[in-house]
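Below: the structure, in C-alpha coordinates.
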Amino acid sequence: MAVTTTTFPNGQVLTSTALTVDAMNSIMQPLLTACLGILPDDPLAQSAVRIAWQTTGAPAFVIGQDILSFRCVEEDNDYDKVRDMAMQNANDTQMQISYEYTRVWRISLRFRGPNSFDRARLVRTALLLDWVHDTLAPNNLFVVPQLSAPVRGPELYVGQWWEVVDFSFLVYEQVNETIEINQVASVEVILNNNSGVVKDITVTE
Amino acid sequence: MPFSVADVVNDPDFAESYTILRSQDGSWQQGKWVDAQVTLAGYGVVQPATNQDLDMVPEGDRVSGAFLFHSSSPLYETQVNPSNAISDILVWQGQQFRILAVQQWQDYGYWQALAVRMLGA
(Lines give C-alpha, C1' and ligand atoms only; values in the text may rest on other atoms or scores of the structure.)
Protein backbone atom coordinates (compact mmCIF):
# COMPACT_ATOMS: atom_id res chain seq x y z
CA MET A 1 0.00 0.00 0.00
CA ALA A 2 1.05 3.57 -0.49
CA VAL A 3 4.01 4.71 1.49
CA THR A 4 5.32 8.25 1.54
CA THR A 5 9.03 8.90 1.76
CA THR A 6 10.89 12.15 1.70
CA THR A 7 14.17 13.75 2.54
CA PHE A 8 14.88 16.76 4.72
CA PRO A 9 18.01 18.66 5.73
CA ASN A 10 20.40 16.30 7.50
CA GLY A 11 18.14 13.29 7.23
CA GLN A 12 15.49 11.31 5.46
CA VAL A 13 12.35 9.29 6.10
CA LEU A 14 13.30 5.66 5.68
CA THR A 15 9.89 4.05 5.96
CA SER A 16 6.39 5.27 6.65
CA THR A 17 3.21 3.26 6.65
CA ALA A 18 1.03 6.42 6.60
CA LEU A 19 -1.65 6.00 3.96
CA THR A 20 -2.28 8.61 1.30
CA VAL A 21 -5.81 9.85 0.60
CA ASP A 22 -5.79 7.89 -2.67
CA ALA A 23 -4.85 4.76 -0.79
CA MET A 24 -7.66 5.33 1.72
CA ASN A 25 -10.13 5.82 -1.13
CA SER A 26 -8.96 2.58 -2.73
CA ILE A 27 -9.48 0.70 0.52
CA MET A 28 -12.80 2.27 1.47
CA GLN A 29 -14.57 2.07 -1.89
CA PRO A 30 -14.65 -1.74 -2.14
CA LEU A 31 -15.23 -2.06 1.62
CA LEU A 32 -18.33 0.18 1.58
CA THR A 33 -19.53 -1.57 -1.58
CA ALA A 34 -19.32 -4.88 0.23
CA CYS A 35 -21.09 -3.40 3.27
CA LEU A 36 -24.02 -2.64 0.96
CA GLY A 37 -24.13 -6.27 -0.10
CA ILE A 38 -22.92 -5.58 -3.65
CA LEU A 39 -20.64 -8.32 -4.95
CA PRO A 40 -17.36 -7.37 -6.70
CA ASP A 41 -18.46 -8.74 -10.09
CA ASP A 42 -21.71 -6.77 -10.06
CA PRO A 43 -21.45 -3.72 -12.40
CA LEU A 44 -22.84 -1.64 -9.53
CA ALA A 45 -19.63 -2.36 -7.62
CA GLN A 46 -17.91 0.26 -9.79
CA SER A 47 -20.52 3.00 -9.48
CA ALA A 48 -22.78 2.58 -6.44
CA VAL A 49 -20.10 3.94 -4.10
CA ARG A 50 -18.37 7.03 -5.44
CA ILE A 51 -15.40 9.07 -4.36
CA ALA A 52 -16.42 12.68 -3.76
CA TRP A 53 -14.74 15.84 -5.05
CA GLN A 54 -13.67 14.70 -8.52
CA THR A 55 -11.63 17.43 -10.20
CA THR A 56 -13.65 17.95 -13.36
CA GLY A 57 -16.94 16.64 -12.04
CA ALA A 58 -18.79 13.51 -13.01
CA PRO A 59 -22.25 12.56 -14.25
CA ALA A 60 -24.58 12.55 -11.31
CA PHE A 61 -27.69 10.43 -10.82
CA VAL A 62 -31.43 10.48 -11.09
CA ILE A 63 -33.87 10.71 -8.20
CA GLY A 64 -34.66 7.01 -8.17
CA GLN A 65 -31.04 5.88 -8.04
CA ASP A 66 -29.30 4.88 -4.81
CA ILE A 67 -25.82 6.39 -4.66
CA LEU A 68 -23.32 6.60 -1.83
CA SER A 69 -20.52 9.15 -2.04
CA PHE A 70 -17.77 9.29 0.53
CA ARG A 71 -14.74 11.32 1.48
CA CYS A 72 -11.82 10.59 3.77
CA VAL A 73 -10.43 13.40 5.89
CA GLU A 74 -8.01 13.43 8.80
CA GLU A 75 -9.01 14.94 12.10
CA ASP A 76 -7.69 15.37 15.61
CA ASN A 77 -8.63 13.77 18.86
CA ASP A 78 -6.80 12.82 22.05
CA TYR A 79 -5.50 9.57 20.62
CA ASP A 80 -3.28 11.18 17.99
CA LYS A 81 -1.32 13.28 20.48
CA VAL A 82 0.96 10.61 21.94
CA ARG A 83 3.91 9.20 20.04
CA ASP A 84 6.12 6.30 20.99
CA MET A 85 9.68 7.07 20.03
CA ALA A 86 12.77 4.85 20.01
CA MET A 87 16.27 5.99 19.04
CA GLN A 88 19.24 3.86 18.08
CA ASN A 89 22.57 4.35 16.38
CA ALA A 90 22.65 3.15 12.80
CA ASN A 91 26.38 3.78 12.48
CA ASP A 92 28.97 6.36 13.57
CA THR A 93 27.38 9.19 11.66
CA GLN A 94 23.70 8.32 11.53
CA MET A 95 20.93 7.67 14.01
CA GLN A 96 17.56 6.07 13.38
CA ILE A 97 14.44 7.26 15.16
CA SER A 98 11.29 5.13 15.05
CA TYR A 99 7.89 6.63 15.74
CA GLU A 100 4.63 4.84 16.33
CA TYR A 101 1.40 6.76 16.65
CA THR A 102 -2.34 6.75 15.93
CA ARG A 103 -3.75 8.72 13.04
CA VAL A 104 -7.45 9.57 13.06
CA TRP A 105 -9.50 9.41 9.86
CA ARG A 106 -13.11 10.47 9.54
CA ILE A 107 -14.98 8.73 6.75
CA SER A 108 -18.00 10.85 5.80
CA LEU A 109 -20.76 9.21 3.83
CA ARG A 110 -23.63 10.85 1.97
CA PHE A 111 -26.37 8.53 0.83
CA ARG A 112 -28.81 9.62 -1.85
CA GLY A 113 -31.74 7.77 -3.32
CA PRO A 114 -35.06 6.33 -2.20
CA ASN A 115 -33.42 3.70 0.04
CA SER A 116 -30.74 5.95 1.47
CA PHE A 117 -31.71 5.68 5.14
CA ASP A 118 -31.94 1.88 5.05
CA ARG A 119 -28.65 1.66 3.23
CA ALA A 120 -26.98 3.89 5.82
CA ARG A 121 -28.21 1.64 8.61
CA LEU A 122 -26.95 -1.37 6.66
CA VAL A 123 -23.45 0.11 6.48
CA ARG A 124 -23.57 1.08 10.15
CA THR A 125 -24.42 -2.49 11.12
CA ALA A 126 -21.87 -4.05 8.77
CA LEU A 127 -19.00 -1.93 10.09
CA LEU A 128 -19.07 -3.84 13.37
CA LEU A 129 -18.75 -7.27 11.77
CA ASP A 130 -15.55 -9.29 12.03
CA TRP A 131 -14.89 -9.35 8.31
CA VAL A 132 -14.62 -5.56 8.22
CA HIS A 133 -11.99 -5.77 10.95
CA ASP A 134 -10.21 -8.56 9.08
CA THR A 135 -10.27 -6.51 5.86
CA LEU A 136 -8.93 -3.33 7.39
CA ALA A 137 -6.42 -4.70 9.90
CA PRO A 138 -3.77 -5.67 7.29
CA ASN A 139 -3.69 -1.98 6.36
CA ASN A 140 -3.28 -0.98 10.03
CA LEU A 141 -6.82 0.44 10.06
CA PHE A 142 -9.38 -0.10 12.80
CA VAL A 143 -12.98 1.12 12.93
CA VAL A 144 -13.89 2.90 16.16
CA PRO A 145 -16.98 0.97 17.28
CA GLN A 146 -18.74 3.98 18.78
CA LEU A 147 -20.94 4.73 15.78
CA SER A 148 -23.33 7.62 15.56
CA ALA A 149 -26.80 7.33 14.03
CA PRO A 150 -27.39 8.26 10.38
CA VAL A 151 -29.00 11.68 9.95
CA ARG A 152 -31.85 11.87 7.45
CA GLY A 153 -32.35 15.26 5.80
CA PRO A 154 -34.02 15.28 2.39
CA GLU A 155 -33.17 18.30 0.25
CA LEU A 156 -35.36 20.26 -2.12
CA TYR A 157 -33.88 20.16 -5.60
CA VAL A 158 -35.49 20.98 -8.95
CA GLY A 159 -38.97 20.92 -7.45
CA GLN A 160 -38.69 17.57 -5.71
CA TRP A 161 -37.60 16.35 -2.28
CA TRP A 162 -34.52 14.16 -2.73
CA GLU A 163 -33.72 11.69 0.03
CA VAL A 164 -30.35 12.45 1.66
CA VAL A 165 -28.77 10.74 4.65
CA ASP A 166 -25.44 11.67 6.25
CA PHE A 167 -23.39 9.27 8.30
CA SER A 168 -19.77 9.25 9.38
CA PHE A 169 -17.45 7.07 11.38
CA LEU A 170 -13.88 7.17 12.67
CA VAL A 171 -11.06 4.90 11.64
CA TYR A 172 -7.79 4.76 13.56
CA GLU A 173 -4.64 4.12 11.59
CA GLN A 174 -1.58 2.75 13.30
CA VAL A 175 1.38 4.50 11.70
CA ASN A 176 5.00 3.40 11.93
CA GLU A 177 7.68 5.74 10.68
CA THR A 178 11.42 5.48 10.77
CA ILE A 179 13.63 8.43 10.01
CA GLU A 180 17.38 8.69 9.83
CA ILE A 181 19.28 11.77 10.94
CA ASN A 182 22.94 12.65 10.76
CA GLN A 183 25.03 12.78 13.93
CA VAL A 184 28.62 13.70 14.56
CA ALA A 185 31.10 10.89 15.16
CA SER A 186 33.57 13.07 17.03
CA VAL A 187 34.16 16.67 17.98
CA GLU A 188 37.55 18.33 18.25
CA VAL A 189 37.74 21.03 20.93
CA ILE A 190 40.76 23.30 21.14
CA LEU A 191 41.14 25.28 24.38
CA ASN A 192 43.36 28.32 24.17
CA ASN A 193 43.73 30.35 27.37
CA ASN A 194 45.05 33.90 27.81
CA SER A 195 48.53 32.75 28.89
CA GLY A 196 49.02 30.87 25.63
CA VAL A 197 48.40 27.35 26.88
CA VAL A 198 46.74 25.26 24.20
CA LYS A 199 44.83 22.05 24.92
CA ASP A 200 43.50 19.92 22.07
CA ILE A 201 40.68 17.52 23.04
CA THR A 202 38.77 15.18 20.79
CA VAL A 203 35.43 14.00 22.09
CA THR A 204 34.11 10.77 20.62
CA GLU A 205 30.91 8.90 21.46
CA MET B 1 -41.22 26.62 -39.12
CA PRO B 2 -38.72 28.69 -37.07
CA PHE B 3 -36.25 30.79 -38.97
CA SER B 4 -32.68 29.37 -38.83
CA VAL B 5 -29.93 31.77 -37.80
CA ALA B 6 -27.15 29.22 -38.41
CA ASP B 7 -25.85 31.38 -41.24
CA VAL B 8 -25.20 34.17 -38.75
CA VAL B 9 -23.52 31.81 -36.26
CA ASN B 10 -21.24 30.53 -39.03
CA ASP B 11 -20.71 33.87 -40.75
CA PRO B 12 -16.92 34.14 -41.27
CA ASP B 13 -17.14 37.85 -40.47
CA PHE B 14 -18.09 36.93 -36.88
CA ALA B 15 -17.27 33.26 -36.32
CA GLU B 16 -14.01 31.78 -35.03
CA SER B 17 -12.54 28.32 -34.81
CA TYR B 18 -12.21 26.55 -31.48
CA THR B 19 -11.59 23.00 -30.36
CA ILE B 20 -14.08 20.82 -28.51
CA LEU B 21 -12.75 18.22 -26.05
CA ARG B 22 -15.74 15.94 -25.67
CA SER B 23 -16.15 13.29 -23.03
CA GLN B 24 -17.71 10.09 -24.30
CA ASP B 25 -17.95 6.41 -23.39
CA GLY B 26 -16.87 7.25 -19.85
CA SER B 27 -17.51 4.88 -17.01
CA TRP B 28 -17.20 4.50 -13.27
CA GLN B 29 -14.21 2.48 -12.16
CA GLN B 30 -13.89 1.75 -8.45
CA GLY B 31 -15.86 4.86 -7.62
CA LYS B 32 -13.91 7.20 -9.92
CA TRP B 33 -15.22 8.67 -13.16
CA VAL B 34 -12.87 7.73 -15.99
CA ASP B 35 -13.25 9.64 -19.23
CA ALA B 36 -12.68 8.80 -22.83
CA GLN B 37 -12.11 12.11 -24.60
CA VAL B 38 -12.30 12.91 -28.32
CA THR B 39 -11.16 16.11 -30.03
CA LEU B 40 -13.57 17.82 -32.41
CA ALA B 41 -13.42 21.01 -34.44
CA GLY B 42 -15.79 23.78 -33.36
CA TYR B 43 -16.83 26.91 -35.20
CA GLY B 44 -19.05 29.80 -34.29
CA VAL B 45 -19.30 33.20 -32.68
CA VAL B 46 -17.41 33.58 -29.40
CA GLN B 47 -18.35 36.45 -27.09
CA PRO B 48 -17.29 37.50 -23.60
CA ALA B 49 -20.12 36.90 -21.15
CA THR B 50 -18.60 38.54 -18.10
CA ASN B 51 -15.69 40.76 -17.30
CA GLN B 52 -12.43 38.97 -16.79
CA ASP B 53 -12.35 39.15 -13.01
CA LEU B 54 -9.26 39.21 -10.89
CA ASP B 55 -9.59 37.58 -7.46
CA MET B 56 -6.73 38.46 -5.17
CA VAL B 57 -6.65 35.49 -2.79
CA PRO B 58 -3.89 35.10 -0.19
CA GLU B 59 -2.14 32.47 -2.29
CA GLY B 60 -1.94 34.72 -5.34
CA ASP B 61 -4.05 36.17 -8.16
CA ARG B 62 -6.78 34.09 -9.77
CA VAL B 63 -8.41 35.14 -13.02
CA SER B 64 -11.90 33.91 -13.79
CA GLY B 65 -14.30 34.91 -16.53
CA ALA B 66 -16.94 33.38 -18.76
CA PHE B 67 -17.51 33.31 -22.51
CA LEU B 68 -20.45 32.47 -24.74
CA PHE B 69 -19.75 29.97 -27.51
CA HIS B 70 -22.16 29.51 -30.40
CA SER B 71 -22.28 26.50 -32.65
CA SER B 72 -24.52 25.07 -35.34
CA SER B 73 -23.76 21.58 -33.99
CA PRO B 74 -24.62 20.40 -30.46
CA LEU B 75 -22.60 21.40 -27.41
CA TYR B 76 -23.06 19.44 -24.19
CA GLU B 77 -22.98 19.96 -20.47
CA THR B 78 -22.68 17.08 -18.01
CA GLN B 79 -25.43 14.57 -18.60
CA VAL B 80 -26.62 11.13 -17.61
CA ASN B 81 -28.87 10.68 -20.64
CA PRO B 82 -28.55 9.91 -23.50
CA SER B 83 -24.91 9.16 -22.74
CA ASN B 84 -22.81 9.27 -19.62
CA ALA B 85 -20.52 12.23 -20.12
CA ILE B 86 -19.19 15.33 -18.44
CA SER B 87 -19.30 18.83 -19.91
CA ASP B 88 -17.46 19.69 -23.12
CA ILE B 89 -14.21 21.58 -22.68
CA LEU B 90 -13.72 24.27 -25.32
CA VAL B 91 -10.22 25.40 -26.26
CA TRP B 92 -10.11 28.92 -27.66
CA GLN B 93 -7.05 31.13 -28.06
CA GLY B 94 -4.96 28.72 -26.02
CA GLN B 95 -7.27 28.72 -23.01
CA GLN B 96 -9.65 26.03 -21.81
CA PHE B 97 -13.27 26.74 -20.92
CA ARG B 98 -15.68 24.31 -19.29
CA ILE B 99 -19.33 24.46 -20.22
CA LEU B 100 -21.63 25.38 -17.34
CA ALA B 101 -24.88 25.81 -19.25
CA VAL B 102 -26.26 25.13 -22.72
CA GLN B 103 -29.16 26.91 -24.32
CA GLN B 104 -30.70 24.68 -26.93
CA TRP B 105 -31.79 26.89 -29.80
CA GLN B 106 -31.54 24.04 -32.28
CA ASP B 107 -34.98 24.90 -33.69
CA TYR B 108 -33.32 28.13 -34.80
CA GLY B 109 -30.22 26.30 -36.02
CA TYR B 110 -27.73 26.85 -33.20
CA TRP B 111 -26.60 26.00 -29.68
CA GLN B 112 -25.27 28.55 -27.21
CA ALA B 113 -22.99 27.52 -24.34
CA LEU B 114 -21.83 29.48 -21.31
CA ALA B 115 -18.33 28.35 -20.37
CA VAL B 116 -15.87 29.41 -17.67
CA ARG B 117 -12.10 29.64 -17.78
CA MET B 118 -10.56 26.53 -16.25
CA LEU B 119 -7.04 27.74 -15.53
CA GLY B 120 -8.02 29.77 -12.51
CA ALA B 121 -4.73 31.64 -12.68
Side-chain angles (χ1 to χ4, degrees), chain A residues 1-2 19-36 38-72 107-113 119 123 135 139 157-158 160 162, chain B residues 18-40 42 57 59 62 64-67 69 74-92 95-104 113-121:
Chain A
M1 198 46 71
L19 295 169
T20 62
V21 172
D22 274 349
M24 277 298 285
N25 286 339
S26 300
I27 293 167
M28 286 298 158
Q29 198 274 345
L31 179 86
L32 293 168
T33 302
C35 286
L36 291 170
I38 300 170
L39 298 175
D41 56 354
D42 187 327
L44 278 178
Q46 306 298 320
S47 63
V49 178
R50 300 178 180 179
I51 298 164
W53 294 328
Q54 305 216 15
T55 305
T56 52
F61 41 85
V62 294
I63 194 166
Q65 197 176 359
D66 286 311
I67 295 294
L68 162 58
S69 60
F70 73 97
R71 57 193 188 277
C72 304
I107 316 301
S108 296
L109 314 181
R110 172 157 284 187
F111 296 81
R112 295 179 183 273
R119 285 159 56 90
V123 169
T135 303
N139 295 300
Y157 178 63
V158 291
Q160 300 166 100
W162 295 54
Chain B
Y18 53 87
T19 302
I20 303 169
L21 305 179
R22 176 156 297 158
S23 147
Q24 67 175 23
D25 298 328
S27 61
W28 291 94
Q29 293 179 19
Q30 291 196 313
K32 289 182 181 173
W33 177 252
V34 180
D35 244 352
Q37 204 173 55
V38 293
T39 303
L40 305 170
V57 297
E59 297 79 13
R62 310 184 82 179
S64 57
F67 279 75
F69 290 80
L75 296 171
Y76 295 106
E77 57 190 335
T78 297
Q79 56 187 307
V80 175
N81 294 311
S83 65
N84 255 347
I86 58 173
S87 286
D88 288 345
I89 293 171
L90 309 176
V91 184
W92 176 67
Q95 299 183 72
Q96 294 193 338
F97 298 83
R98 185 164 191 239
I99 290 181
L100 286 190
V102 173
Q103 293 191 25
Q104 297 180 342
L114 177 70
V116 290
R117 273 169 53 102
M118 292 179 70
L119 288 180

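Lettering follows sequence order; numbering is per chain, from 1. Source: prediction; values computed, not measured.
In this structure, A/Ile51 CD1 and B/Trp28 CH2 are separated by 9.0 Å, a value rounded to the nearest 0.5 Å. Rounded to the nearest 0.5 Å, atoms CD (A/Gln54) and NZ (B/Lys32) are 8.0 Å apart.
Put simply, of A/Ala45, A/Pro30, A/Ser47, the one with the most heavy-atom pairs under 4.5 Å next to chain B is A/Ser47.
Contacts between A/Thr56 and chain B at a heavy-atom distance below 4.5 Å involve backbone atoms as well as side-chain atoms.
With hydrogens and angles ignored, the 3.5 Å screen pairs a side-chain donor or acceptor of A/Gln46 with a backbone N or O of B/Gln30.
Between A/Ala58 and B/Ile86, the shortest heavy-atom contact is CA-CG2, 3.5 Å.
The side-chain tip of A/Arg50 does not point at the ring of B/Trp33 from less than 6.0 angstrom away and within 45° of straight on.
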